[in-house]
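Each residue takes its place number in the sequence, starting with 1. Please read these numbers as outputs of a predicted model, since none were measured by experiment.
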Amino acid sequence: LGIYLHVMADALGSVGVIISSILIQFFGWNFADALCSIFISVLIVASVLSLLRSSAMIILQRTPMHKERAIKECLTKVFFLFYFTFLSCL
């Protein structure tokens, strides 16, 4: 998904440059270049945020989101068994 977003951002950035070049050439709208730059910057930031987040999760060795609930349930069962065993010894 991350690579797809990156390629899509590159393609839209190229389309934005072509459109701003046409607007500058035929209408003299020099501000189109600044708008295109802002548009490309927003696309890059939007495509990078998800990749940065998932990379940070991997680097920090965080438990995958889809397994957190199962781990919590297993830990609850282990603690229950521990306390049950401890109380039965008394």
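Around the CZ atom of Phe27, the shell of radius 6.0 Å holds no more than 12 heavy atoms that belong to other residues, nucleotides or ligands.
Contact check on Glu73 versus Lys77 returns no salt bridge, with no Lys/Arg side-chain nitrogen under 4.0 Å from an Asp/Glu carboxylate oxygen.
To the nearest 0.5 Å, atoms CZ (Phe39) and CD1 (Ile19) are separated by 8.0 Å. Within the model, atoms CG of Asp33 and CD1 of Ile24 stand 4.5 Å from one another, a figure rounded to the nearest 0.5 Å. Going from atom CD1 of Ile71 over to atom NE2 of His66 covers 9.0 Å, rounded to the nearest 0.5 Å. Between Cys74 atom SG and Phe79 atom CZ the span is 11.5 Å, to the nearest 0.5 Å. Note that CG of Leu52 is 8.5 Å distant from CD1 of Ile59, once rounded to the nearest 0.5 Å.
Hydrophobic cluster membership differs between Val42 and Val15, with clusters built from Ile, Leu, Val, Met, Phe, Trp and Tyr side chains linked at under 4.5 angstrom. Residues Phe26 and Trp29 fall within the same hydrophobic cluster, defined by Ile, Leu, Val, Met, Phe, Trp and Tyr side chains chained together at heavy-atom separations under 4.5 Å. Residue Leu23 is not grouped with residue Ile38 when hydrophobic side chains (ILVMFWY) are merged at heavy-atom distances under 4.5 angstrom, including chains of intermediate members. Put simply, Ile22 and Phe31 are part of the same group of oily side chains (I, L, V, M, F, W, Y) that touch within less than 4.5 Å, one to the next.
With contacts defined as side-chain heavy-atom distances shorter than 4.5 Å, the pair Val17/Ile40 qualifies.
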